[in-house]
Structures are given as structure tokens and as C-alpha cells.
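Working notes, beginning with the structure itself.
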Amino acid sequence: MPELPEVEVVRRTLAPHLSGETVRRVEVRAERLREPLNEAVLNRDAAGRRIAGVRRRAKYLLVDLEPPTAAEAPTTLVLHLGMSGRLTVREAAGGQPPAPLPHEHLVVHLASGRVLSFCDPRRFGQAFTLPAADLDADPHFSHLGVEPLSDDFDGAHLRRAAAGRRGPVKPFLMDATVVVGVGNIYASEALFVAGIHPKRSVKRISAARWDRLARAVRQVLEDALAQGGTTLNDFADGDGNAGYFQVSLSVYGREGEPCPRCGQPVRRVVQAGRSTFYCAGCQT
DNA sequence: CGTAGACCCTGCGCGC
DNA sequence: TGCGCGCAGGGTCTAC
């Protein structure tokens with residue numbers, strides 16, 4: 001479900017509901033996710049703490065938790081939606097916590113009686129805690145590359161990252177050590193906008209093309225963010241991914257349909273086990 | 001070293 | 001109608 005724009009939309013809709021709340025307790029309903037959920041550790045690091053805010057790094061959501069006493073250190077509740085995760089704030093009903101949802105693996109009970117609910121049918125998501133100071137050094141984060149919407153991301157960055165590497169550009173663009181947050185949808189979309197063939201070797205891309213690609217990545221993500229922001233504004237109230245498919249896509253998922261620019265049928269190929277969509281006329 | 005492929009898990013839509 | 005197959009937006013590990 002989520003790529004970077006969607007995760008950012010979730011962050012923006014959750015943050016006002018969560019900031020200032022206090023975590024009462026964390027309930028693990030199903031611990032068997034990609035990394036097992038540990039209810040005892042989650043409670044040790046989160047229960048009784050006030051939520052200072054919600055940040056994002058790559059596709060991870062970071063819930064900042066204040067120390068309950070000056071002797072303790074800030075912690076962070078890290079959440080990843082995987083392929084099918086949904087985070088919603090749910091209201092208490094008649095003084096009772098809301099009834100369990102299907103695939104609701106984690107429930108963070110808040111002092112107001114509301115809960116932060118994590119549902120994830122495919123169980124590729126993650127939830128764990130860390131001392132806030134250890135985030136950057138943690139193996140989940142230490143290898144991550146630049147944020148695509150930051151000033152550090154441009155054509156020169158891509159060109160430097162590609163030096164000494166081989167292979168096609170599309171999987172390269174999805175390599176989180178190069179740039180984070182570019183998932184399977186927006187990798188295809190950005191290459192279309194930039195006019196670059198997804199199979200083109202990273203060794204055969206000019207500086208001008210790297211510039212164009214970096215601009216395309218930024219544009220595609222920002223456009224999706226703008227559209228997601230307007231169509232997903234009730235996300236936190238439990239309406240999951242309504243509006244997701246309203247984000248206009250040029251080639252992704254459109255095999256056989258006419259290219260919006262030249263009319264040739266959109267093609268699909270599989271690269272590194274993932275579908276890639278492109279126009280053979282517009283992308284070289 | 002870097003890259004390609006398998007794998008984690010469940011649900012859905014399609015063709016037969 | 002029922003069933004099997006392929007496919008799905010992420011990330012990590014292993015084998016080459």
C-alpha cells in the first residue's frame with residue numbers, strides 16, 4: 001500500500017491526533033510479523049510516555065516518546081507499514097476500547113481512551129522501539145541513503161552513487177542505500193517522466209539524464225503527495241487507503257493501454273522480481 | 001564488492 | 001460456482 005508519499009500522508013494525518021497523547025499500554029494481538037512484536041519490550045519503552053511528535057525517515061514512521069523522568073532517555077516507537085499495513089486512530093466506544101479489527105496486530109492504548117491501531121494482512125510490517133539517540137546507528141537505518149525530497153538529492157548525487165556500479169537503472173533507483181522511498185510505482189513513473197528506459201545501464205546515463213531523473217523523482221513524489229494529501233485526509237479516522245488510486249499514474253499498472261504521451265501501448269517487464277511499466281517510444 | 005533471486009505472508013481477481 | 005494461479009505498493013538474506 002504505501003510508498004513515500006502515502007507514508008508521509010499517514011504521518012501528517014496521525015500527528016495531530018497523537019501529539020500530546022500519553023501511551024497507556026501497548027497490546028500485541030499477533031506477534032508473528034516479519035520481526036516478532038515483543039509486547040514486554042514495547043511496554044517497557046513506550047508505556048507511560050507522552051508522545052512528542054511523529055516524524056518519518058524513508059518509509060519508517062517515528063513516534064517520539066518523552067522520558068517520564070529526567071533520569072530516563074527519550075525513546076522512539078518505529079512503525080513500518082510493509083506492503084499492506086494501515087495505521088488508524090480509533091475512538092473509544094462507551095468507555096471501552098474499540099472492537100478488534102481483522103489483522104489488527106498491534107494496539108497502542110492512549111490515555112484519552114483512543115487507540116492507535118496497526119492492521120497488516122500480509123505481515124510485512126514492523127513495530128519496535130529504540131532509544132531515540134540510537135536511531136541512526138540502528139541496522140534498520142544506518143545504511144539508508146538520502147531523502148528524495150531533501151536538498152541532498154539531485155542528479156549529481158545519483159551520478160556519484162552510480163559510479164562503479166552496473167545493472168539497469170530501475171532497480172538502482174529503488175536501492176535504499178542510494179535514495180530512500182522510491183518504491184515500485186514511482187520508480188516506473190519517474191523513469192517515464194524522465195524519458196529513460198528502465199533497462200538502461202547505470203553506466204550509460206549522462207549527467208544531464210541524471211539531472212532529469214532526479215527532477216522527475218522529486219516531481220512524481222511531490223505530485224502524489226499533493227494528491228494524496230487532498231484525497232486521504234480522513235485516513236486517520238479509519239478510511240484506510242481511500243483515494244490511493246486517484247493518484248494519477250501514467251504507466252504503472254497500465255500494460256497494453258496507450259502511452260499518454262505518444263499512444264504506443266505501455267509495456268510490462270519484470271526486473272529484480274518486480275513489475276516495471278514503460279513506453280518503448282518515449283523512454284530510451 | 002555488487003547484483004539477481006528466493007523468501008517472508010495473506011488476499012484478490014482472473015481464467016478455466 | 002469453485003478452484004488454482006499469478007500478482008500485489010517492502011525489505012532482507014543468500015548464492016553467485
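Only heavy atoms go into these numbers, but all of them, side chains included; no hydrogens, no water, no symmetry mates. Proteins get letters first, then strands, A, B, ... in listed order; numbering begins at 1 in each.
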(message) Quick check for you: name the first and last nucleotides of DNA chain B, 5' to 3', having an atom under 4.0 Å from a heavy atom of chain A.
(response) B:dT3 to B:dG11
(request) Please state how far atom CZ in A:Arg274 lies from atom P in C:dT12, giving the value in whole angstrom units. (result) 13 Å
(message) So does A:Arg114 get a backbone contact from the side chain of A:Ser112, meaning a donor-acceptor N/O pair under 3.5 Å?
(response) yes
(request) Using the closest heavy atom to pick a nucleotide of DNA chain B for each, name whichever of A:Ala272 or A:Arg32 lands nearer the 5' end. (result) A:Ala272
(request) Take atom CE of A:Met174 and atom C1' of C:dT12, then tell me their distance rounded to the nearest Å. (result) 14 Å
(message) Is it the case that the side chain of A:Glu3 and the backbone of A:Ile185 share a donor-acceptor pair, with hydrogens and angles ignored and the cut-off at 3.5 Å?
(response) yes
(message) Less than 4.0 angstrom between a side-chain N/O of A:Ser275 and OP1 or OP2 of C:dA8, yes or no?
(response) yes
(request) Without swapping roles, check the side chain of A:Glu189 against the backbone of A:Ser250 for a donor-acceptor pair under 3.5 Å. (result) yes
(request) Go through the steps to decide whether A:Leu4 and A:Leu149 satisfy the test side chain to side chain contact (heavy atoms under 4.5 Å, CB included), and finish with yes or no. (result) CA-CA 10 Å; A:Leu4 187 144; A:Leu149 301 181; 4.2 Å; yes
(message) Only Watson-Crick and G-U wobble pairs with both distances less than 3.5 Å should count. Give DNA chain B in dot-bracket notation, marking inter-strand partners with |.
(response) .|||||||.|||||||
(request) Take A:Leu191 and A:His197, measure what side chain to side chain contact (heavy atoms under 4.5 Å, CB included) needs, and give me the verdict at the end. (result) CA-CA 7 Å; A:Leu191 287 165; A:His197 197 291; over 6 Å; no
(request) Mind listing the closest non-hydrogen atom pair of A:Tyr186 and A:Ala224 along with its distance? (result) OH-CB, 3.2 Å
(message) salt bridge (charged side-chain N to carboxylate O under 4.0 Å, His left out), that's the test. Do A:Asp138 and A:Arg57 meet it? Break it down for me.
(response) CA-CA 13 Å; A:Asp138 183 84; A:Arg57 171 70 170 120; over 6 Å; no
(request) On DNA chain C, check which nucleotide each of A:Ala176 and A:Arg122 is closest to and give me the residue with the more 5' one. (result) A:Arg122
(message) Using the P atom as the point on both nucleotides, what is the distance between C:dG6 and B:dA6, in whole Å?
(response) 13 Å
(request) Applying side chain to side chain contact (heavy atoms under 4.5 Å, CB included), run through A:Val10 and A:Glu6 and close with a yes or a no. (result) CA-CA 6 Å; A:Val10 173; A:Glu6 288 73 31; 5.5 Å; no
(message) Measure CG/A:Leu81 against P/C:dA8 and give the value in whole Å, please.
(response) 20 Å
(message) We want to know whether A:Glu35 and A:His80 form a side-chain donor-acceptor pair, criterion being a heavy-atom distance below 3.5 angstrom.
(response) no
(request) For side chain to side chain donor-acceptor pair (under 3.5 Å), just list the numbers for A:Arg209 and A:Thr284, CA-CA rounded to whole Å, side-chain angles, deciding distance to a tenth of an Å, and then say yes or no. (result) CA-CA 11 Å; A:Arg209 280 185 165 239; A:Thr284 58; 2.8 Å; yes
(message) Does C:dC7 have its OP1 or OP2 closer than 4.0 Å to a side-chain nitrogen or oxygen of A:Arg268?
(response) yes
(request) Starting at atom CG of A:Leu79, determine the distance to atom C1' of C:dG11, rounded to an integer number of angstrom. (result) 16 Å
(request) Round to the nearest Å and state the distance from A:Gln126 atom CD to C:dG11 atom P. (result) 9 Å
(message) Among residues 161-173 of chain A, which ones have heavy-atom contacts with DNA chain B below 4.0 Å?
(response) A:Arg165, A:Arg166, A:Pro168
(request) Check A:Gln283 against A:Ile196 and note the closest heavy-atom contact, atom names and distance. (result) NE2-O, 2.8 Å
